[in-house]
There are 2 protein chains.
Amino acid sequence: MNAPNLRLGDLQLRILEILWDRTEASVADVHAVLKPERELAYTTVATMLRKMEARELVGHREEGRTFLYRALVQADAVTRSAGEHFVGRLFEGSLADAVSHLLTTREVSRTELDQIEKLIREAKRRAK
Amino acid sequence: MNAPNLRLGDLQLRILEILWDRTEASVADVHAVLKPERELAYTTVATMLRKMEARELVGHREEGRTFLYRALVQADAVTRSAGEHFVGRLFEGSLADAVSHLLTTREVSRTELDQIEKLIREAKRRAK
DNA sequence: GCCACACTACTACCGCAGTAGTATTACCAC
DNA sequence: GTGGTAATACTACTGCGGTAGTAGTGTGGC
């Protein structure tokens, strides 16, 4: 399975998120969604999509004159790859270290702590 | 506080790790440590260090003709920044989502689960 | 005194994200 | 059918990580 290189820039990730949301989107669609958050030229979005297609991150079909793009990589694969890099590269693979660091350097709400606790219990149940 | 841009490449991170380990290091030192893992030209390391100095990631003092570099950014700041980016960018800031994802897409040992559980309990105690 | 060596400085190049302008083309309205 | 519009195609440029060669220079050994 040729996992296309999954090191993504911010814009690329943002575009993928948009495509994950709506399955298919034209350049105009993506541009419109991006509009409020960043002021990008229409052609910038088009160029980015074409570059991403070259890297097999997205694909397209034609509807009349319009290209409808869709994501070729799953959100899952991207987040997994990012997680691996994060834990592996910065904490030598120790998930506990990574979580520890996240817990101590961020504000974490009681609710989140409860949620995570539950996740751990579930993981244990699955493992055992 | 001007946090210098903390988006680091792999080599840069590796170099910082080396500097964190030994406080000060010459180009030759860094090159020697890197040697077994990646075959880099001496000048590559020197160039990288100079570039990193331009970005204020490292600084140097001169000992005779030799530059002794030291890290200007703390390991802490780098991992925090990376953590923020990871959680913020990929999980909309939800630490629980991030941890959940890490737990389900990786092999996690019993021991690690126990460790994390303990961390959660501690965090709760601190919070309350 | 001279040579080799160890350093740093400078320059260059690739790949890729990001950004955008210009050119081309097809279609729709009237 | 002609003009405007909306679409893609092509090209270009910046910045940066990564990589490395070459040039310049000071120092120590003999």
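No hydrogens, no waters, no symmetry mates; every other heavy atom, side chains included, goes into these values. Residue numbers begin at 1 in each chain, while the letters A, B, ... track the order of the sequences.
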Check the distance between [N]'s [atom2] and [X]'s [atom1] and give it to me in whole angstrom.
X	N	atom1	atom2	value
B:E63	D:dG26	CD	C1'	16 Å
B:L49	D:dG18	CG	P	12 Å
B:R65	C:dT8	CZ	P	9 Å
A:R14	C:dT19	CZ	C1'	18 Å
B:D10	C:dG15	CG	P	19 Å
B:H60	C:dT8	NE2	C1'	9 Å
B:E53	C:dC7	CD	C1'	15 Å
A:L68	D:dT8	CG	P	9 Å

I want to verify a distance call: between [options], whose nearest atom is closest to the [X] side chain?
X	options	answer
B:L11	D:dT8, D:dG18, C:dG18	D:dG18
B:T66	C:dG18, C:dC27, C:dT8	C:dT8
A:A28	C:dT8, D:dA7, D:dA12	D:dA7

Exercise. Select base, sugar-phosphate, or nothing to describe what B:T47 touches, counting heavy atoms under 4.0 Å on all strands.
Key: base
Practice problem: For DNA chain C, find the residues of residues 33-46 of chain A with a heavy-atom distance under 4.0 Å and give them by number; none if there aren't any. | Solution: A:R38, A:L40, A:A41, A:T43, A:T44
Quiz prompt | Nearest non-hydrogen partners of B:L103 and B:V108, listed with the distance | solution = O-CG2, 3.9 Å
Are the side chains of [X] and [Y] in touch, meaning some heavy atoms are under 4.5 Å apart?
X	Y	answer
B:L95	A:Q115	no
A:R7	A:H85	yes
A:K118	A:R121	yes

Self-check item: Residues in salt bridge (Lys or Arg N to Asp or Glu O under 4.0 Å) contact with A:R89, at least two apart in sequence or another chain
Solution: B:D10, B:E17
Quiz prompt | Partners passing side chain to side chain contact (heavy atoms under 4.5 Å, CB included) against B:A28 (at least two apart in sequence or in another chain) | solution = B:S26, B:Y42
Quiz item: More 5' along DNA chain C: A:G64 or A:L13, using each one's nearest nucleotide?
Solution: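 Result: A:L13.
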Quiz item: Should B:R50 be listed as having a side-chain N or O under 4.0 Å from OP1 or OP2 of C:dA9?
Solution: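 Answer yes for this pair, as a side-chain N or O of B:R50 is under 4.0 Å from OP1 or OP2.
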Exercise. With A:E24 as reference, evaluate A:R61, A:R70, A:H60 under the side-chain hydrogen bond (donor to acceptor under 3.5 Å, both in side chains) test and give the passing residue.
Key: A:R61
